[in-house]
Each structure stands twice: as C-alpha cells, then as structure tokens.
Amino acid sequence: MSGPASLSPAAHRLITSAVRDERVQQRYWAKVAKPQVPGYTCWPYVGSLHPKGHGRFWVGNVRTRRGPVDVCVIAHRFGFALAHGMETLDAVPVLAHACDEPSCQNPEHLIASTWGENLEQWHRRRWSPGSPLRDTRGPGGRARAIRAALQNGEDLQSVLSAGRGVLDTNQLDLF
C-alpha cells in the first residue's frame with residue numbers, strides 16, 4: 001500500500017524513513033511524558049499541539065515543484081507506527097483514544113477504528129461523568145494545561161481535575 005490517500009508518495013516515504021531513523025525516534029520520545037500519577041496511564045505529548053489537542057510532530061521536508069514542503073504528522077499516529085510498523089498504520093483509517101486524551105501517546109490506549117466508529121464512541125462517552133471529553137476547557141485547552149503542568153513541574157492531578165464541571169465534581173458514585 002502506498003499510504004493514506006491524503007499523503008503524497010514522497011511524504012509517505014519520508015514518514016516511513018522517519019519511523020526507522022533512530023534520531024527522529026529520539027526526538028519524538030523527547031516530546032512524550034510518562035508521568036507517575038496514580039490511576040493515570042496516559043503519556044501526554046509535550047511538543048506542538050493542534051488546537052483540538054492532538055500532538056503535531058514534524059518529520060521533515062519533501063520537495064515539490066513549488067519548493068520544499070514541511071511534513072508534519074499527528075504525533076500519536078507516528079507513535080503507533082513506531083509500536084506496530086508503517087504497514088499496520090497504513091491499514092488504519094482512524095486511531096481512536098480509548099482514554100479520550102487527545103494528546104496521549106501510549107500505544108496501548110490507541111485503537112484502530114473508522115470515522116463512524118470513533119464518532120459513535122465519542123457520542124457514547126461524551127456524557128459520562130468525569131470523562132476527559134467533558135472537560136470544560138475543551139480538548140485543546142485540556143491538552144495545553146496538561147503540557148504546561150508537565151513542563152512547569154505543577155501538580156498534574158490538580159490540572160486533570162481543574163476542568164471538571166459542577167456536575168462532574170458533585171456526582172456521587174453509583175456503584
């Protein structure tokens with residue numbers, strides 16, 4: 001397979017090469033935090049973030065007729081390719097986050113999905129009290145707050161709780 005339809009063959013070759021390049025791998029892993037917070041198993045991305053909270057990872061440039069073009073990938077897709085190979089990533093249209101943290105890089109939290117399945121899961125979990133999807137800061141605001149806390153040595157548990165609305169804060173456990 002030559003890669004996802006949105007990638008040019010040159011960009012796909014660049015990403016494939018980057019996944020195999022130890023220097024690029026080290027640059028990626030330098031932007032992934034593995035905080036030691038009880039009950040929190042996400043690995044937040046602390047590099048560049050898309051406004052919706054997904055990490056953005058620059059892999060290089062490709063030459064086009066108009067000149068060089070930067071190739072930037074969704075960070076968790078790059079991490080998934082590191083864990084499972086480009087061939088596996090090529091076969092996956094969407095990577096859903098089982099943890100609902102858009103900046104999470106933990107490959108155990110990434111699930112092969114389709115756009116429809118991902119949207120259905122989002123609708124199902126969006127209303128669960130305490131879900132990251134209910135964060136009042138939105139996914140981008142939550143990801144930026146987590147990144148800032150990790151970069152500044154702040155208490156991550158406080159930052160994770162800060163986006164809870166009144167309903168989530170006052171919801172009693174039913175079981």
Side-chain angles (χ1 to χ4, degrees), residues 1-9 11-12 14-16 18-19 25 28-29 31-35 37 39-59 70-150 156 159-165 167-168 171 174-175:
M1 180 178 223
S2 66
S6 61
L7 288 178
S8 71
H12 188 269
L14 176 66
I15 295 168
T16 300
V19 166
Q25 291 175 21
Y28 166 78
W29 286 116
K31 297 175 186 322
V32 176
K34 296 180 182 177
V37 175
Y40 187 74
T41 57
C42 292
W43 299 350
Y45 193 74
V46 295
S48 178
L49 295 171
H50 182 275
K52 291 197 176 194
H54 293 288
R56 295 178 50 89
F57 183 64
W58 178 79
V59 292
D70 288 340
V71 176
C72 193
V73 297
I74 298 171
H76 64 268
R77 289 188 67 82
F78 187 83
F80 186 86
L82 288 177
H84 302 287
M86 273 302 285
E87 301 77 23
T88 303
L89 178 64
D90 287 342
V92 176
V94 175
L95 283 176
H97 288 85
C99 58
D100 295 324
E101 289 283 2
S103 73
C104 183
Q105 305 299 301
N106 187 338
E108 292 180 10
H109 294 189
L110 302 174
I111 303 166
S113 187
T114 66
W115 291 107
E117 290 168 347
N118 193 34
L119 185 59
E120 179 184 327
Q121 288 295 319
W122 182 88
H123 281 293
R124 187 173 307 143
R125 294 195 305 255
R126 168 71 174 95
W127 302 108
S128 299
S131 168
L133 297 174
R134 293 179 55 83
D135 195 298
T136 58
R137 298 166 289 194
R142 181 179 175 88
R144 287 188 300 279
I146 291 169
R147 176 182 66 186
L150 291 167
L156 185 57
V159 170
L160 294 172
S161 298
R164 289 185 163 202
L167 172 67
D168 294 326
Q171 179 71 41
L174 298 176
F175 302 100

### Task
Test side chain to side chain contact (heavy atoms under 4.5 Å, CB included) on T88 and F80 and set out the steps.
CA-CA 9 Å; T88 303; F80 186 86; 3.8 Å; yes
### Task
Let me see the working for V71 and W58 under side chain to side chain contact (heavy atoms under 4.5 Å, CB included), right down to the final yes or no.
CA-CA 6 Å; V71 176; W58 178 79; 6.0 Å; no
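Here CG of L89 is found 4.5 Å from CZ of R77. Values are rounded to the nearest 0.5 Å. If you take CZ on R56 and CG on L49, they are separated by 10.0 Å, rounding to the nearest 0.5 Å.
Classification of the Y28-F57 ring pair by plane angle, with boundaries at 30° and 60°, yields perpendicular. Relative orientation of the H76 and H54 rings is tilted, given thresholds of 30° and 60° on the angle between their planes.
Counting heavy atoms from C-beta outward, L119 and W115 have side chains that stay 4.5 Å or more apart. At a threshold of 4.5 Å between non-hydrogen side-chain atoms, the residues W127 and R134 count as touching.
Minimum interatomic distance between R147 and V46 (heavy atoms only, all atoms of both residues): CD-O, 3.4 Å. When all heavy atoms are compared, the tightest approach of L133 to R126 is O-NH1, 3.3 Å. The two residues S113 and N118 make their nearest non-hydrogen contact at OG-N, 3.3 Å. Listed here is the closest heavy atom pair of N106 and W43: CA-CE3, 3.5 Å. Taking both residues in full, the closest heavy atoms of Y45 and G55 are given as CD2-CA, 3.4 Å, listed atom of the first, atom of the second, then distance. Closest approach of L14 to V59, counting heavy atoms only: CD2-CG2, 4.0 Å.
Residue pairs meeting the salt bridge (Lys or Arg N to Asp or Glu O under 4.0 Å) criterion with at least one partner in residues 110-122, sequence neighbours excluded, are E120-R124. The stretch residues 102-114 participates, sequence neighbours left out, in no salt bridge (Lys or Arg N to Asp or Glu O under 4.0 Å) pair at all.
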Expected list for residues 93-103: side-chain donor-acceptor pairs under 3.5 angstrom, two or more places apart:
unit_1: H97; atom_1: NE2; unit_2: C104; atom_2: O; d: 3.3
unit_1: D100; atom_1: OD1; unit_2: R125; atom_2: NE; d: 3.3
unit_1: D100; atom_1: OD1; unit_2: R125; atom_2: NH2; d: 2.7
unit_1: D100; atom_1: OD2; unit_2: R125; atom_2: NE; d: 2.9
unit_1: E101; atom_1: OE1; unit_2: R142; atom_2: NE; d: 3.0
unit_1: E101; atom_1: OE2; unit_2: R142; atom_2: NE; d: 3.0
unit_1: E101; atom_1: OE2; unit_2: R142; atom_2: NH2; d: 2.6

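Contacts of R137 classified as salt bridge (Lys or Arg N to Asp or Glu O under 4.0 Å), with partners at least two apart in sequence or in another chain: D135. With sequence neighbours excluded, no residue forms a ring pair (Phe, Tyr, Trp, His ring centres under 6.0 Å) with H50. Checked against side chain to side chain donor-acceptor pair (under 3.5 Å), T41 has the following partners two or more places apart in sequence or in another chain: H109.
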